[in-house]
2 protein chains.
Amino acid sequence: MTSRKVVTFENIKVACKNCSLATLCLPMGLTPDDVERLDGIIKRGRPYHRGDHLYRGGDKFHSLRVITSGSVKTYSPNEDGGEQVLGFHLPGELIGLDAIQDDNHTCSAIALETTAVCEIPFSQLESLSCIMPSLQHQMYRLLSREIGQETEMLTLLGKKSAEERLATFLLSFSERFKQRGFSASDFFLSMSRHEIGNYLGLAVETVSRLFTRFQDENLLHVERKHVQLLDIPRLYDIVQGTDSAKSSQSRI
Amino acid sequence: MTSRKVVTFENIKVACKNCSLATLCLPMGLTPDDVERLDGIIKRGRPYHRGDHLYRGGDKFHSLRVITSGSVKTYSPNEDGGEQVLGFHLPGELIGLDAIQDDNHTCSAIALETTAVCEIPFSQLESLSCIMPSLQHQMYRLLSREIGQETEMLTLLGKKSAEERLATFLLSFSERFKQRGFSASDFFLSMSRHEIGNYLGLAVETVSRLFTRFQDENLLHVERKHVQLLDIPRLYDIVQGTDSAKSSQSRI
DNA sequence: AGACTTTCTTGATGCGGATCAAGTCATTTT
DNA sequence: AAAATGACTTGATCCGCATCAAGAAAGTCT
């Protein structure tokens with residue numbers, strides 16, 4: 001009859017081939033055999049709690065990490081005590097790519113809530129990618145994608161108004177939650193207003209005011225960390241800067 | 001006697017092993033044999049003139065490019081007609097990394113002056129890096145470095161004042177010219193004030209005023225595109241935001 | 001539960017840098 | 001050489017967002 005092997009919950013979860021995130025993650029596009037081989041080098045540790053560091057700037061780099069549940073903030077401490085928030089990362093996202101450069105982490109990563117990660121020892125990943133061209137290709141694509149995403153942030157910070165920035169931010173989460181099978185219009189943000197502001201190059205107060213304003217304009221409903229997007233198309237209009245949305249408001 | 005083979009100027013120039021940029025470029029850290037193999041896939045075309053596009057956003061991606069002389073601006077056209085300048089690239093710098101992602105260029109690259117480049121067909125580079133671990137490693141490092149540099153720009157655009165931005169910009173060129181064997185304190189900028197402003201998230205007028213102010217404060221001498229840095233340490237102070245420089249000015 | 005702390009919101013004010021408007025200088029055209 | 005064009009500078013004004021200040025709400029500690 002069926003195999004005697006006991007398949008515990010852990011056994012199921014702890015393998016790329018059974019992971020619901022596989023289509024977003026490193027194994028994306030690999031053959032089952034290749035996924036198996038990749039799986040062989042991945043380490044899964046105990047979860048982190050809110051406020052725990054996954055790594056800090058200056059730490060020796062040995063592993064890339066993929067978030068499997070929870071969320072993570074990456075930031076780079078700058079000379080004068082402050083910090084620049086570099087990103088908020090959701091399950092399936094790979095972090096630590098900036099550290100390959102010189103074998104040291106240049107920024108820090110901290111759990112925003114209870115968070116589980118897969119660790120991928122980089123030297124092993126590198127060896128593996130030498131004998132698995134599809135993995136190598138995937139790595140190049142992921143690194144390139146990271147560059148493309150940062151490029152978009154450059155435009156955001158260089159050219160967009162506060163309103164456009166927050167709308168972009170919200171829609172980014174909307175899209176990413178949707179990709180992961182969650183609601184695109186109803187979600188919880190795990191970071192503080194302060195962290196949102198820091199990330200977007202805005203003061204906390206501005207972020208708070210914008211949430212209020214967006215709510216007044218029936219673009220969304222917000223209560224602390226709980227956000228419900230009520231008019232996603234108009235949020236996209238705002239992102240574009242083509243403020244037809246605004247005029248339709250003000251012509252009351 | 002010496003070989004009968006005639007070594008023309010072109011023959012000398014057109015090979016990584018004879019290229020003075022090799023230590024800044026892809027071959028960095030490779031063995032002579034490996035450099036030779038890499039050299040085998042590199043294509044060198046006729047130079048571009050000021051205003052020529054190396055590629056445009058949307059173009060099919062096939063090659064990475066290294067500037068060998070001259071300079072290049074990369075930018076991403078944004079929806080509403082404007083553009084975001086993403087970078088200015090000097091000899092030895094590799095561009096096009098953002099296009100690996102989905103085989104299409106997401107941004108455009110245009111020559112700021114007469115410019116020569118090496119083209120590296122990416123599919124060949126990929127194959128080669130499968131059999132040359134050191135090349136693969138180098139590629140990972142370069143991609144990671146690109147991410148790190150964009151990260152720094154995020155901090156610049158998110159947190160720094162106009163003054164800090166321009167000082168950072170100038171010192172970046174100073175360092176890069178120095179690396180390339182040119183003066184760190186006396187150089188020509190190949191881009192317009194408008195392009196500098198766009199890159200730094202500032203209006204042209206602000207850039208112009210800052211040049212004037214820096215000159216008044218004896219930080220530099222500027223005449224159109226010709227810049228002479230007169231007080232590099234104080235420019236570094238400005239970058240830090242630790243404005244001891246400023247106080248020493250104002251306490252006259 | 002009550003005190004304390006932190007986060008968020010809201011209002012008032014101020015400033016840095018954008019925008020608008022001319023004018024100057026350099027380069028190209030004819 | 002004069003005229004046209006584009007790049008840069010300089011001044012005046014304005015506005016978006018930061019900063020300052022205070023209160024409200026939520027979370028934490030004892």
Side-chain angles (χ1 to χ4, degrees), chain A residues 49-51 73 80 82-85 110 112-114 156-170 188-217 220-227 238 241 243 246 250, chain B residues 49-51 73 80-82 84-85 112-113 156-170 188-217 220-227 238 241 243 246 250:
Chain A
H49 298 109
R50 176 176 175 76
K73 171 182 86 170
D80 50 319
E83 68 183 47
Q84 169 72 43
V85 174
I110 190 171
L112 291 170
E113 59 193 305
T114 302
L156 186 84
L157 294 177
K159 300 276 176 298
K160 306 271 189 172
S161 69
E163 199 177 42
E164 289 165 348
R165 292 181 202 193
L166 188 63
T168 304
F169 173 82
L170 291 169
F188 283 78
L189 295 173
S190 57
M191 73 296 298
S192 69
R193 299 284 190 271
H194 183 83
E195 288 166 324
I196 296 173
N198 186 309
Y199 176 62
L200 297 176
L202 300 171
V204 202
E205 296 92 328
T206 304
V207 174
S208 181
R209 274 185 254 269
L210 283 171
F211 269 120
T212 308
R213 170 137 56 101
F214 282 179
Q215 182 160 255
D216 290 347
E217 293 176 358
L220 51 76
H221 178 77
V222 61
E223 196 180 342
R224 296 225 120 209
K225 316 231 152 185
H226 184 193
V227 176
I238 291 175
D243 246 342
K246 198 157 205 176
S250 57
Chain B
H49 298 108
R50 175 176 174 77
K73 172 183 84 170
D80 50 318
Q84 168 71 43
V85 174
L112 291 169
E113 60 193 304
L156 187 83
L157 294 176
K159 302 277 176 295
K160 306 270 190 173
S161 69
E163 200 176 41
E164 289 166 348
R165 293 182 200 192
L166 187 64
T168 304
F169 173 82
L170 291 169
F188 284 79
L189 295 173
S190 56
M191 74 296 297
S192 69
R193 299 284 191 270
H194 183 85
E195 289 166 323
I196 296 173
N198 186 308
Y199 176 60
L200 297 177
L202 300 172
V204 202
E205 295 93 329
T206 304
V207 174
S208 181
R209 275 184 254 269
L210 283 170
F211 270 119
T212 308
R213 170 137 55 102
F214 282 178
Q215 182 160 255
D216 290 346
E217 292 176 358
L220 50 76
H221 178 78
V222 60
E223 196 179 343
R224 298 224 121 209
K225 316 230 153 188
H226 184 193
V227 175
I238 291 176
D243 246 343
K246 199 156 205 177
S250 55

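Just so it is clear: chains get the letters A, B, ... in the order the sequence lines come, proteins before strands, and each one is counted from 1.
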So, is [X] close to the [N] phosphate, meaning a side-chain N or O under 4.0 Å from OP1 or OP2?
{"X": "B:S208", "N": "D:dT10", "value": "no"}
{"X": "B:T206", "N": "C:dA18", "value": "yes"}
{"X": "A:T212", "N": "C:dT10", "value": "yes"}
{"X": "A:R193", "N": "C:dT9", "value": "yes"}

Touch check for A:A203, heavy atoms < 4.0 angstrom, all strands: base, sugar-phosphate only, or nothing?
->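 Base contact.
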Of all heavy-atom pairs between B:L166 and B:V207, which one has the smallest distance, and what is that distance?
-> CD2-O, 4.4 Å
Under 3.5 Å, is there an N or O donor on one side and an acceptor on the other linking the side chain of [X] and the base of [N]?
{"X": "B:R165", "N": "C:dG17", "result": "no"}
{"X": "A:R209", "N": "D:dT19", "result": "yes"}
{"X": "B:E205", "N": "C:dC20", "result": "yes"}

Nearest nucleotide by nearest heavy atom, which residue falls closer to the 5' end of DNA chain D, B:F211 or A:A162?
-> B:F211
Heavy-atom nearest nucleotide on DNA chain D taken for A:G201 and for A:E223; more 5' hit belongs to A:G201
[X] [atom1] to [N] [atom2], straight-line distance once rounded to whole Å:
{"X": "B:R224", "N": "D:dT9", "atom1": "CZ", "atom2": "P", "value": "7 Å"}
{"X": "A:L200", "N": "D:dC17", "atom1": "CG", "atom2": "P", "value": "12 Å"}
{"X": "A:E163", "N": "D:dA18", "atom1": "CD", "atom2": "P", "value": "14 Å"}

Working for salt bridge (charged side-chain N to carboxylate O under 4.0 Å, His left out), residues A:K73 and A:E83 = CA-CA 12 Å; A:K73 171 182 86 170; A:E83 68 183 47; 3.0 Å; yes
